[in-house]
Chemist: 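Let me give you the structure first, and then I'll get to my questions.
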Amino acid sequence: MDILTEEEAIAIQKELRQQVITTDELPAQIQIIAGTDVEYDKDSDLIAGSIVLLDAGTLQVIAVATHVMEVTFPYIPGLFSFREMPPLLKAWEKLPFQPDLIVCDSQGQAHQRRFGMACHFGVTIHKPVIGCGKTRLCGEYHDLEEERGSIAPLIENGEHIGNALRTQKGINPVFVSTGHKISLATATAQVLQLCTQYRLPETTRLADHYGRLALLDYKKNV
DNA sequence: GCGACAG
DNA sequence: ATCTTGTCGC
């Protein structure tokens with residue numbers, strides 16, 4: 001029932017990845033920063049895309065947009081964006097205004113074809129996007145120190161595709177990589193700055209929270 | 001062929 | 001993603 005075959009999706013990735021910009025092309029002053037996440041319903045195929053807009057200085061929530069729909073693509077490692085982007089793009093259209101920078105809860109360049117969801121989302125909406133995943137998809141890293149702020153390069157085939165970043169002392173790292181229009185160094189510094197109290201950036205935590213509420217609310221009103 | 005494998 | 005509370009260890 002998939003609209004696209006696996007081969008077609010891979011061909012699209014190889015085409016679009018040429019549009020990815022891995023250098024800083026973002027405002028000098030970030031005013032509004034966004035977080036995205038997608039929630040899954042455990043007993044149906046409903047998913048909720050969630051985008052939160054935060055004041056970059058205070059990290060207070062300024063706006064939230066969500067969209068609930070049925071999944072349209074299976075989970076295939078490497079083709080994640082084809083599964084989670086549809087609800088996110090719908091939520092994106094519902095935002096009252098656009099953020100200066102977005103943090104996605106998955107990989108960007110730290111992907112087997114250097115085109116994770118953060119890249120796909122970025123080139124689609126033409127905005128700076130950071131990929132920040134909870135677990136590793138590909139690449140290896142070594143010797144990550146225990147201190148908050150410690151960084152170890154994620155390497156695949158000799159390429160530096162991302163960073164393992166320890167956001168809290170003694171806690172498992174997150175995996176940061178360029179999505180679009182931002183350098184790895186800037187992306188890594190931004191993510192650390194967003195992890196004020198927990199392992200994950202506040203953007204991701206808040207998007208997860210509102211996405212979960214949206215899913216519950218949708219099921220209640222059916 | 002075998003293992004690994006974002007959410 | 002989801003199943004899932006208390007518990008073991010620093």
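If you're wondering where the values come from, they're calculated on a predicted model, not measured in any experiment. Letters go in sequence order (proteins before strands), and every chain restarts at 1.
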Chemist: Whole angstroms only, please: what is the CG-P distance between Leu88(A) and dA1(C)?
Modeler: 15 Å
Chemist: Determine the contact category for Leu79(A): base if any of its heavy atoms lies under 4.0 Å from a base atom, sugar-phosphate if only primed atoms, P, OP1 or OP2 are that close, otherwise nothing.
Modeler: base
Chemist: Give me the one residue out of Thr167(A), Ile151(A), Ile130(A) that meets side-chain contact (heavy atoms from CB on, under 4.5 Å) with Val176(A).
Modeler: Ile130(A)
Chemist: Look at the side-chain N and O atoms of Ser81(A) and state whether any lies under 4.0 Å from the OP1 or OP2 oxygen of dA6(B).
Modeler: no
Chemist: Could you give the NZ-to-C1' distance, from Lys169(A) to dC10(C), as a whole number of Å?
Modeler: 11 Å
Chemist: Starting from P on dT2(C), measure out to CZ on Arg83(A) and report it in whole angstrom.
Modeler: 12 Å
Chemist: Provide, to the nearest angstrom, the distance between the CD atom belonging to Glu140(A) and the C1' atom belonging to dA4(B).
Modeler: 10 Å
Chemist: Take the protein atom CD of Gln168(A) and the nucleotide atom P of dC10(C), then report the distance between them rounded to whole Å.
Modeler: 21 Å
Chemist: In this structure, how many angstroms lie between the C1' atom of dG7(B) and the CG atom of Leu215(A), rounded?
Modeler: 14 Å
Chemist: In a check of side-chain hydrogen bond (donor to acceptor under 3.5 Å, both in side chains) between Arg166(A) and each of Glu147(A), Glu146(A), Glu145(A), which one passes?
Modeler: Glu146(A)
Chemist: Asp43(A) CG to dC3(C) P: how many Å, rounded?
Modeler: 9 Å
Chemist: Where the side chain of Glu84(A) is defined as all heavy atoms beyond and including C-beta, which of dA6(B), dG7(B), dT2(C) is the nearest nucleotide?
Modeler: dG7(B)
Chemist: Is there ring stacking between Tyr75(A) and dG7(B), where the centres must be under 5.5 angstrom apart and the planes under 30 degrees?
Modeler: yes
Chemist: Are His120(A) and Phe82(A) close enough that their ring centres sit under 6.0 Å apart?
Modeler: yes
Chemist: Is the shortest side-chain heavy-atom distance between Pro86(A) and Met69(A) below 4.5 Å?
Modeler: yes
Chemist: Which part of the nucleic acid, if any, lies within contact of Gly78(A), taking any heavy atom under 4.0 Å across all strands shown: a base, the sugar-phosphate backbone alone, or nothing?
Modeler: base
Chemist: Report which part of the nucleic acid Asp41(A) touches: base, sugar-phosphate, or nothing (heavy-atom distance under 4.0 Å, all strands).
Modeler: nothing
Chemist: So, Ser50(A) side chain and Ala207(A) main chain: donor-acceptor pair closer than 3.5 Å or not?
Modeler: yes
Chemist: Without decimals, in angstroms, what is the distance between Arg136(A) CZ and dG7(B) C1'?
Modeler: 15 Å
